[in-house]
Number of protein chains: 2
Amino acid sequence: MALKYALLGLLTKNEATGYELNQQFKETMIHFWSAHHTQIYRQLVKMEEEGLVSSQVVHQVDYPDKKIYRLEDKGYDTLLQWLLSKEILPSNLKNDLLLRVSLFQLIPPDEAIAFLERAKEQHMFGHGLMEKWRDSHFPEGQFNQGDLGEYLTSEFGKRYMQHWIDWCDWAIHVIKRTKEKGSDEE
Amino acid sequence: MALKYALLGLLTKNEATGYELNQQFKETMIHFWSAHHTQIYRQLVKMEEEGLVSSQVVHQVDYPDKKIYRLEDKGYDTLLQWLLSKEILPSNLKNDLLLRVSLFQLIPPDEAIAFLERAKEQHMFGHGLMEKWRDSHFPEGQFNQGDLGEYLTSEFGKRYMQHWIDWCDWAIHVIKRTKEKGSDEE
DNA sequence: TGAACATATGTGAAAATACACATATAAACT
DNA sequence: AGTTTATATGTGTATTTTCACATATGTTCA
């Protein structure tokens, strides 16, 4: 259901092809959403059937023909209604990494620490990417009204990465301390 | 796929029925996983077919009969293999709330602020629950080796909630400041 | 010369997840 | 007397998401 709104949301900025929308997912919405390209194409077809968007086929000589999707009034109304609805569902977090962490008592402490080091590195990399993205999009923290959402969510993404990094440090420390107390092995 | 490992993981602690596993999801794994009860029952049947778990029907007089699932060696091996695998996939975050935030430029600032206030409250509530849970499970920060995973993930959950709360405060402040600058309306 | 990559759109099938509904019984609440 | 809550397990169906694969063409790299 939410993919529909994500696509409508992207189309409020510019008309775009399915291919481009897939790119935008990877580039700017990566912090809080993702979708397989086949799903995007299928969802767009459905949305056109519902009259939320319209498409126009553009013939190309060098490349395959493309279909440019444009937001229709009905689509905009549908999106606005969702955005203004009062219900706010608790977000159900699903995270593979944490599932593995929750079972750390089953593996040797060194393996657990190695896992956390890798997780930390990954999130440090993510943090770096996000900082770069922010610096290029919002130099000196300046942003336009039209970019409010991106400004807020990219800060969320950066902080989320930092939260992961800090927690990894803490968790590594806890395991090392436990290891010392628990046995004399080096 | 991950649901399989989540269930195997829970069964390393105790044998349990599908009903109990559903309870445990709601109680202790809520910070990083969730599943509909029908999905749990179906997954357990599949896992029994694969020989990862075995079940025993227990007749009850007052209540409906129940099926107690127990972890088999093959299930434990499968779980361990997963836990020790080196591949660590970047977790793909999907969050409805952030999707809405990313489109804040489309709604009035007051609506955006109201949304963030509600989101903040919700995460403060979540933070409180988690703190209570931690205090009752790990008084004075003490934990047993067998609870390492829960100790680490519950700290993650608490910090995650705090991260949300802090970000909400920041975002509300940003919007209020923008509102002042952008217009003279009260 | 062949492989990989970018452009562009999809189908068929499987897996994961959720929703509505069904079946039982007993206690507790209103 | 009727509703809700708790105990317990599911089926049928729909939706969501992913995976493998297919079709085209032009450019770039090894």
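Values in this document were obtained by computation on a predicted structure and should not be read as measured data.
Remark: the backbone N or O of B/F32 is not paired with any side-chain donor or acceptor of A/N95 at under 3.5 angstrom. At distances below 3.5 Å, not a single donor-acceptor pair connects side-chain atoms of A/Q43 with backbone N or O atoms of A/L3. B/E131 contributes no side-chain N or O that, together with a main-chain N or O of B/K158, makes up a donor-acceptor pair within less than 3.5 Å.
Not counting sequence neighbours, the partners of A/F156 by the ring pair (Phe, Tyr, Trp, His ring centres under 6.0 Å) test are B/H163, B/W164, B/W167. Remark: A/H36 pairs with no residue by the ring pair (Phe, Tyr, Trp, His ring centres under 6.0 Å) rule, at least two apart or across chains. Partners of B/S54 according to the side-chain hydrogen bond (donor to acceptor under 3.5 Å, both in side chains) rule, which considers only residues two or more places apart in sequence or in another chain, are B/E72. Checked against side-chain hydrogen bond (donor to acceptor under 3.5 Å, both in side chains), A/D147 has no partners two or more places apart in sequence or in another chain. Applying the side-chain hydrogen bond (donor to acceptor under 3.5 Å, both in side chains) rule to B/R42 yields no partners; only residues at least two apart in sequence or on another chain are considered. B/H37 pairs by the side-chain hydrogen bond (donor to acceptor under 3.5 Å, both in side chains) definition with nothing, not counting sequence neighbours. In terms of the side chain to side chain contact (heavy atoms under 4.5 Å, CB included) criterion, residue partners of A/E27 (sequence neighbours excluded) are, by chain and number, A/Q23.
In terms of position on DNA chain C, the residue among A/I68 and B/W33 whose nearest nucleotide sits closer to the 5' end is A/I68. With DNA chain D read from its 5' end, the first of the two nearest nucleotides for B/K94 and A/V61 is the one closest to B/K94.
Here the P atom of nucleotide D/dT16 and the OH atom of A/Y5 are 10 Å apart, to the nearest Å. Put simply, CG on B/L3 is 6 Å from P on C/dT17, counting in whole angstrom units. One interatomic measurement links the two molecules: OH of B/Y63 to P of D/dT9, which rounds to 14 Å at whole-angstrom precision. Atoms CD (B/Q24) and P (D/dT7) sit 13 Å apart, rounded to a whole Å. Counting to the nearest Å, the P atom of D/dT18 and the CG atom of A/D96 are 12 Å from each other. Counting to the nearest Å, the P atom of C/dC5 and the NZ atom of A/K26 are 13 Å from each other. Summarising the geometry, the separation between NZ on A/K66 and P on C/dA6 is reported as 17 Å, rounded to the nearest angstrom. Atom NZ in A/K67 sits about 17 Å away from atom C1' in C/dT7, given to the nearest Å.
Closest to the A/P64 side chain, of the nucleotides D/dA24, C/dT17, D/dT9, is D/dA24.
Residues of residues 53-60 of chain B that place a heavy atom closer than 4.0 Å to DNA chain D, in numerical order, are B/Q60. Across residues 36-51 of chain A, A/H37, A/T38, A/Y41, A/R42 each have a non-hydrogen atom less than 4.0 Å from an atom of DNA chain C (numbered order). Near DNA chain D, meaning a heavy atom under 4.0 Å from it, residues 9-22 of chain B has B/T17, B/G18, B/Y19 in order of number.
B/I68 belongs to a hydrophobic cluster with B/V58, counting contacts under 4.5 Å between side-chain heavy atoms of Ile, Leu, Val, Met, Phe, Trp and Tyr, direct or through other members.
Within the 4.0 angstrom heavy-atom criterion, no nucleotide atom of any strand lies near A/K4.
Between A/E155 and A/R134 there is a salt bridge, since at least one side-chain N of the basic residue sits less than 4.0 Å from a carboxylate O of the acidic one.
Checking A/D166 against A/Q162 by side-chain atom types alone, a donor-acceptor pair falls below 3.5 Å.
Helix bend of the helix from C/dT1-D/dA30 to C/dT30-D/dA1: the angle between its two end axes, each built from five pairs, comes to 30° after rounding to 10°.
In this structure, A/L79 and A/Y5 approach most closely via the heavy-atom pair CD1-O, 3.8 Å.
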